[in-house]
Visitor: 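Below: one structure in structure tokens.
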Amino acid sequence: NAGVTQTPKFRILKIGQSMTLQCAQDMNHNYMYWYRQDPGMGLKLIYYSVGAGITDKGEVPNGYNVSRSTTEDFPLRLELAAPSQTSVYFCASRRHDSNQPQHFGDGTRLSIL
Amino acid sequence: KNEVEQSPQNLTAQEGEFITINCSYSVGISALHWLQQHPGGGIVSLFMLSSGKKKHGRLIATINIQEKHSSLHITASHPRDSAVYICAVGIQGAQKLVFGQGTRLTINP
């Protein structure tokens with residue numbers, strides 16, 4: 001069971017570069033989420049999606065973009081990377097039934113230098 | 001003020017001690033979640049509850065809806081319980097969670 005797979009696990013970017021964090025799930029979950037976790041802080045929601053073709057902003061969407069062309073994949077795009085985007089990024093998914101637990105990927109540790 | 005507050009932020013105890021981590025929230029919720037994050041970083045769901053109490057092995061989670069408070073208890077704590085424990089609430093009418101800042105638990109042998 002792969003569950004939620006995130007790639008890459010680690011990445012160092014220079015200021016102004018762009019990259020895409022990949023997230024894929026094989027559980028046929030409708031709902032998918034991107035979070036960032038800064039040291040000593042709770043997880044903050046960046047973007048989420050309730051199904052293919054539907055995305056919505058979370059608490060901290062600035063500097064990021066997402067797309068959801070398939071049920072399985074939910075990539076997160078960073079344009080013009082900034083030091084403030086240094087963080088650990090988690091992708092999660094869950095079934096559409098109400099009050100289902102979220103399943104998390106292992107995270108991507110991103111440093112912007 | 002955060003919508004979800006956990007206490008304590010850090011907790012160090014000796015092996016075998018009874019552990020309690022608290023979570024208070026200020027919004028209407030559909031459910032409350034307890035999550036565990038090990039030093040390697042992965043996050044797993046421990047409990048999801050909307051009333052009463054749930055037990056899994058040495059872990060017990062309780063919730064008091066009227067007081068907007070939940071507790072996570074660990075009995076006979078062990079060094080392998082060392083992790084960050086995160087409380088999160090599902091907001092009524094929304095499809096997303098709001099997270100507490102986490103409680104870092106260290107159990108010494």
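Model, not experiment: these values are computed from the prediction. Numbered from 1 within each chain, the chains take letters A, B, ... in sequence-line order.
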Visitor: Through direct or indirect side-chain contacts below 4.5 angstrom among Ile, Leu, Val, Met, Phe, Trp and Tyr, which residues connect to Val4(A)?
Guide: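 Grouped by the 4.5 Å side-chain rule, Met27(A) form the rest of the cluster around Val4(A).
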Visitor: Does this structure show an ion pair linking Asp56(A) with Lys96(B), if we count only N-O contacts that are shorter than 4.0 Å?
Guide: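 Salt bridge between Asp56(A) and Lys96(B), a charged N being under 4.0 Å from a carboxylate O: no.
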Visitor: For Leu43(A), which atoms come within 4.5 Å of any heavy atom of chain B: side chain, backbone, both, or neither?
Guide: both
Visitor: Let me know if Gln37(B) has heavy atoms under 4.5 Å from chain A in its side chain, its backbone, both or neither.
Guide: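 Contact with chain A is through the side chain of Gln37(B) alone.
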Visitor: Establish, from distance only, whether the side-chain atoms of Thr75(B) and Arg58(B) form a donor-acceptor pair under 3.5 Å.
Guide: no
Visitor: Looking only at heavy atoms and a cut-off of under 4.5 Å, which of Lys44(A), Gln102(A), His103(A), Met41(A) has the most pairs with chain B?
Guide: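 Highest number of heavy-atom pairs under 4.5 Å: Gln102(A).
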Visitor: For chain A, which of Val98(B), Leu35(B), Leu97(B) has the most heavy-atom pairs under 4.5 Å?
Guide: Leu97(B)
Visitor: Looking at Ala92(A), Gly42(A), Gly105(A), Gly58(A), which makes the most heavy-atom pairs under 4.5 Å with chain B?
Guide: Gly42(A)
Visitor: I need the Leu32(B) CG to Phe47(B) CZ distance, nearest 0.5 Å.
Guide: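 Interatomic distance, Leu32(B) CG to Phe47(B) CZ, rounded to 0.5 Å: 11.5 Å.
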Visitor: Pick one of side chain, backbone, both or neither for Glu59(A), based on which atoms fall under 4.5 Å of a heavy atom in chain B.
Guide: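 Neither part, no heavy atoms under 4.5 Å.
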Visitor: Linking Ile, Leu, Val, Met, Phe, Trp and Tyr by side-chain heavy atoms under 4.5 Å, what else ends up with Leu80(A)?
Guide: none
